[in-house]
Amino acid sequence: MLDLQYICDHVDEVARNCRNRGVQVDIEKIVTLRQRRGELITTGDKLRHDHKESSAKIPQESDPRKKQELIARGKDLKQEIAANEAELRDLEAELRSEQALVPNMTHPDAPVGGDDDANRVVRQVGDIPTFDFQPLNHVELAEKHDLIDLEAGSRVAGHGFYYLKNEAVLMEMALIQLALQKVAAAGFTLHATPDLARDSVLEGIGFSPRGPETQIYSVEQTDLSLVATAEITLGGMFKDQILEAANLPIKVAVISHCFRTEAGAHGAATRGIYRVHQFTKVEMFAVTGPDQSDAVHEEIVAIEEDFFQALKIPYQVIDTATGDLGGPAYRKYDLEAWMPGRGEGGEFGEVTSASNCTDYQARRLAIRFKTPEAKGTQIAHTLNGTAVAVTRALIAIWENYQQADGTIVIPEVLRPWVGKDRIG
RNA sequence: GGAGAGAUGCCGGAGUGGUCGAACGGACUGGUCUUGAAAACCAGCGUACCGCAAGGUACCGGGGGUUCGAAUCCCCCUCUCUCCGCCA
C-alpha cells in the first residue's frame with residue numbers, strides 16, 4: 001500500500017506510474033476521499049472531546065436537575081459520535097479499497113513497457129549447451145529414468161500433483177541443502193515455517209483466501225489456509241513489529257512448501273512439473289532501512305546467481321518491465337534458466353525472482369523501525385527472493401545435464417547429498 | 001478434547017465504574033555531584049491518527065455490548081500457564 005499523504009502530494013507522478021504499469025485507478029477520488037476523511041476525524045475528535053468534558057462534570061454536579069441535563073447532553077453527543085463513526089467507517093473502507101489498487105512506485109531504471117516483451121535482459125551467464133542428439137524434455141527424461149510419477153499424483157490428488165521418485169527425491173534434498181548452506185553463509189537466519197496460516201494473516205498480507213478468484217487452498221471447517229508462499233508466514237512473523245535500526249537489515253531464509261490452485265493456468269507450458277499445485281522452496285526475505293534495500297536487492301540476486309552458477313546452468317537475469325510487475329514490487333529481477341527441452345529447441349524458463357517491495361508491503365503490515373536519535377518510527381523496506389524452487393531447478397538440471405547415451409549427470413555440487421554422479 | 005487460572009507501558013507490578021494514558025519499582029537517556037566511576041538526587045522515558053501550530057483524539061490481548069462515563073461490568077474470540085485425556 002502506498003502512503004496516502006504521498007499519493008495526494010504526488011498525484012501526477014502516481015498517475016503516470018499507474019499508466020506505466022497498466023493499472024486503472026482514480027487518483028482524484030482518493031484525494032477527495034482523504035480530504036473528507038480529515039474533516040470527519042476532526043469533527044469526531046471534537047465531539048469526543050466535548051463528550052468527555054461534559055461527562056467529567058457529572059460527578060461534581062450537586063444540583064440534580066443540572067445533573068440530568070448533563071446526562072441528556074451526554075446521550076445526544078453519544079449519538080452524534082456514533083453517526084460520525086459510521087460515516088467515517090464507510091468512507092475509510094472505500095478509501096482503503098481504492099488505495100489498495102495503487103501499485104508501488106517503480107525504480108527509475110526499470111524498463112517501461114506493457115508486457116513481458118518489454119522485459120530487459122540484464123545479463124546472460126553460461127553457455128547454452130549444444131547437443132549432437134535430440135534433447136528430451138524433463139517429462140520424457142523423468143519417464144525414462146522413473147523420476148516422477150504424474151499419474152499417481154493425478155490419481156491421488158488430481159492434475160498438477162506429482163510424486164518424486166528415486167534420484168529426484170535425493171536431488172530435492174540436495175538442492176535444499178545447497179540452498180540452505182548458501183543463504184546461511186550469506187548471513188540469513190534459517191527458519192522452517194508452518195505451511196498453514198490463519199485466514200486473517202493471509203488477508204493482512206493481501207491474499208483473499210476464500211473468494212471465487214482465489215489461488216489459495218483453504219481447509220474446511222477451520223480458519224486455516226495452505227500458504228502459497230512463505231511471504232505469508234514471514235510477513236505474519238514481522239507484522240506490527242517495531243525494530244531497532246541498528247539491527248537492520250534483518251535477513252531470514254525459510255524452507256517451506258507452497259500450495260497454489262493455479263486456477264485457469266492450464267496451457268502448453270503446464271505439462272510436467274513446471275507449474276504444479278505444491279512445491280518446496282527456500283525463500284529469502286529481508287527487512288531493511290530505506291537506504292539499504294537497493295543494496296540488499298542486489299545481494300539477493302547475487303545469491304540466486306551464485307546458486308545457478310554452482311549448478312553450472314546457463315541463465316539470464318531479467319529486469320522486469322513496469323507492466324509485468326506485481327503491485328508491491330518496486331523492482332523485480334527474475335532469473336530464467338535455460339531449459340533445452342522447453343519450446344522448440346529450448347527456451348529460458350523462470351526459476352527464481354527477487355523483488356524489492358520498498359515500504360509498500362511493510363506499510364500494510366506495520367513493520368517499522370526506530371532510531372535512538374529520532375522520535376517516532378519509520379516504515380521499513382521488505383524484499384524477497386527465491387533461493388531455490390525445487391521443481392523448476394530439477395527441470396533445468398535434468399534437461400541441461402542429459403547425455404547422448406541417455407543418462408543424466410548429477411551436478412558436482414549436489415553429489416555429496418545424492419551419493420552418485422549419474423542417473424541411469 | 002475436558003477443568004481451572006491469567007493476559008496492563010521496555011520489564012516487574014498496582015489498579016473492580018468517574019480528574020487513569022494509567023501508581024510504584026527496575027531498566028534506559030540527559031543533568032547535578034565526583035579527578036574518573038559508583039552511589040545519591042533532579043528530569044525525561046509508548047504508538048498511531050487529525051491539525052500550519054497550539055492542541056486534540058484513540059489505544060490497558062482482539063472484537064462487540066451496557067453506561068452520560070469502562071483498564072474496571074457483560075458476551076464472543078485468541079493466546080499463555082497448571083491439571084486430566086490423547087498422541088508422532
Side-chain angles (χ1 to χ4, degrees), chain A residues 1-9 30-96 99 192-205 209-210 218-219 221-225 232-233 235-248 250 257 287 359 361-380:
Chain A
M1 176 164 65
L2 221 51
D3 183 39
L4 199 50
Q5 178 87 50
Y6 181 90
I7 296 173
C8 295
D9 290 347
I30 293 177
V31 175
T32 312
L33 288 172
R34 172 166 185 259
Q35 197 170 354
R36 179 70 188 136
R37 171 173 174 266
E39 289 163 16
L40 285 172
I41 288 174
T42 308
T43 54
D45 282 358
K46 187 166 177 337
L47 286 170
R48 261 184 294 273
H49 175 71
D50 293 349
H51 186 227
K52 217 172 162 177
E53 208 171 53
S54 88
S55 285
K57 284 183 194 151
I58 293 174
Q60 280 123 29
E61 186 54 65
S62 46
D63 181 346
R65 227 196 46 178
K66 283 185 176 166
K67 198 165 197 153
Q68 282 312 306
E69 276 171 19
L70 281 169
I71 290 175
R73 169 147 172 75
K75 284 186 181 178
D76 288 349
L77 283 168
K78 191 182 169 184
Q79 280 187 3
E80 284 183 55
I81 290 168
N84 174 281
E85 278 175 351
E87 191 181 346
L88 183 62
R89 194 164 40 243
D90 291 350
L91 184 135
E92 289 212 306
E94 195 181 353
L95 179 58
R96 218 172 308 117
Q99 194 185 346
T193 73
D195 286 332
L196 292 91
R198 286 182 203 290
D199 289 342
S200 60
V201 174
L202 293 257
E203 280 154 13
I205 288 163
R210 313 237 172 195
S218 49
V219 181
Q221 293 175 349
T222 71
D223 64 343
L224 293 169
S225 294
I232 292 166
T233 38
M237 205 166 104
F238 287 106
K239 189 168 157 51
D240 295 323
Q241 300 285 304
I242 298 171
L243 307 157
E244 293 294 335
N247 295 335
L248 300 180
I250 294 173
H257 299 98
V287 181
D359 59 2
Q361 236 176 9
R363 182 169 295 106
R364 174 181 209 126
L365 292 170
I367 304 174
R368 289 159 295 165
F369 70 93
K370 59 191 299 179
T371 43
E373 314 84 66
K375 206 174 151 49
T377 55
Q378 290 185 68
I379 310 279

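Here the structure is a predicted model, which means the values were calculated and not measured.
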Ordered by number, residues from residues 54-74 of chain A within less than 4.0 Å of RNA chain B (heavy atoms) are A:Ser55, A:Ile58, A:Pro59, A:Ile71, A:Gly74
Pick the [atom1] atom in [N] and in [M], then give their distance to the nearest Å.
{"N": "B:C84", "M": "B:G12", "atom1": "P", "result": "27 Å"}
{"N": "B:C33", "M": "B:A38", "atom1": "C1'", "result": "12 Å"}
{"N": "B:C24", "M": "B:A43", "atom1": "P", "result": "11 Å"}
{"N": "B:G36", "M": "B:A14", "atom1": "C1'", "result": "40 Å"}
{"N": "B:A71", "M": "B:G9", "atom1": "P", "result": "15 Å"}
{"N": "B:G26", "M": "B:C75", "atom1": "P", "result": "39 Å"}
{"N": "B:U57", "M": "B:G61", "atom1": "C1'", "result": "22 Å"}
{"N": "B:U82", "M": "B:G44", "atom1": "P", "result": "41 Å"}

Can you tell me the distance, in whole Å, between the [atom1] atom of [X] and the [atom2] atom of [N]?
{"X": "A:Leu77", "N": "B:G69", "atom1": "CG", "atom2": "P", "value": "10 Å"}
{"X": "A:Leu243", "N": "B:U47", "atom1": "CG", "atom2": "P", "value": "14 Å"}
{"X": "A:His49", "N": "B:C68", "atom1": "NE2", "atom2": "C1'", "value": "16 Å"}
{"X": "A:Leu47", "N": "B:C50", "atom1": "CG", "atom2": "P", "value": "18 Å"}
{"X": "A:Leu40", "N": "B:U57", "atom1": "CG", "atom2": "P", "value": "18 Å"}
{"X": "A:Ile81", "N": "B:G69", "atom1": "CD1", "atom2": "P", "value": "8 Å"}
{"X": "A:Glu80", "N": "B:U57", "atom1": "CD", "atom2": "P", "value": "16 Å"}
{"X": "A:Asp223", "N": "B:C79", "atom1": "CG", "atom2": "C1'", "value": "13 Å"}

Just to be sure I understand the rule, does A:Lys75 reach a base, reach only the sugar-phosphate, or reach nothing, if contact means heavy atoms closer than 4.0 Å?
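If one applies the 4.0 Å heavy-atom cut-off, A:Lys75 turns out to touch the sugar-phosphate alone, with no base involved.
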Nearest to the A:Arg198 side chain among B:C50, B:U47, B:U78, which nucleotide is it?
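In terms of side-chain proximity for A:Arg198, the closest of B:C50, B:U47, B:U78 is B:U78.
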Kindly write out the residues that satisfy side-chain contact (heavy atoms from CB on, under 4.5 Å) with [X], not counting sequence neighbours, or none if the list is empty.
{"X": "A:Arg37", "answer": "A:Leu4, A:Ile41, A:Leu88, A:Leu91, A:Glu92, A:Leu95"}
{"X": "A:Leu196", "answer": "A:Val219, A:Leu224, A:Leu226"}
{"X": "A:Leu248", "answer": "A:Leu243, A:Ile250, A:Val287, A:Gln292, A:Phe369"}
{"X": "A:Gln68", "answer": "A:Ile71"}

Could you tell me which residues satisfy side-chain hydrogen bond (donor to acceptor under 3.5 Å, both in side chains) with A:Arg363, sequence neighbours excluded, listed by chain and number?
A:Asp359
Sequence neighbours left out, what passes side-chain hydrogen bond (donor to acceptor under 3.5 Å, both in side chains) with A:Arg73? Give chain and number order.
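Not a single residue meets the side-chain hydrogen bond (donor to acceptor under 3.5 Å, both in side chains) criterion with A:Arg73.
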Less than 4.5 Å apart, any side-chain heavy atom of A:Gln99 and any of A:Leu2?
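A:Gln99 does not reach A:Leu2 side chain to side chain.
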So which one's nearest nucleotide on RNA chain B is more toward 5', A:Asp50 or A:Gly38?
A:Gly38
To the nearest 0.5 Å, how far apart are [atom1] in [X] and [atom2] in [Y]?
{"X": "A:Gln60", "Y": "A:Lys66", "atom1": "CD", "atom2": "NZ", "answer": "13.5 Å"}
{"X": "A:Met237", "Y": "A:Leu365", "atom1": "CE", "atom2": "CG", "answer": "12.5 Å"}
{"X": "A:Ile30", "Y": "A:Arg96", "atom1": "CD1", "atom2": "CZ", "answer": "13.0 Å"}

What pairs with A:Arg36 under salt bridge (Lys or Arg N to Asp or Glu O under 4.0 Å), at least two apart in sequence or on another chain?
A:Glu39, A:Glu87
Under the salt bridge (Lys or Arg N to Asp or Glu O under 4.0 Å) test, which residues partner A:Asp76, sequence neighbours left out?
none
Give me each pair satisfying side chain to side chain donor-acceptor pair (under 3.5 Å) with a member in residues 42-55 of chain A, each pair once, sequence neighbours excluded.
A:Thr43-A:Asn84, A:Asp45-A:Arg48, A:Lys46-A:Asp50, A:Arg48-A:Glu85
Within the sub-3.5 Å range, which N or O atoms of nucleotides 58-60 of chain B have a protein N or O partner, and how far apart are they?
{"unit_1": "B:A58", "atom_1": "OP2", "unit_2": "A:Lys52", "atom_2": "NZ", "d": "3.1"}

For RNA chain B, which consecutive runs of 3 or more Watson-Crick or G-U pairs (each distance under 3.5 Å) count as stems?
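Consecutive-pair runs (3 or more) involving RNA chain B: B:1-7 with B:78-84, B:10-12 with B:24-26, B:28-32 with B:40-44, B:46-50 with B:55-59, B:61-65 with B:73-77.
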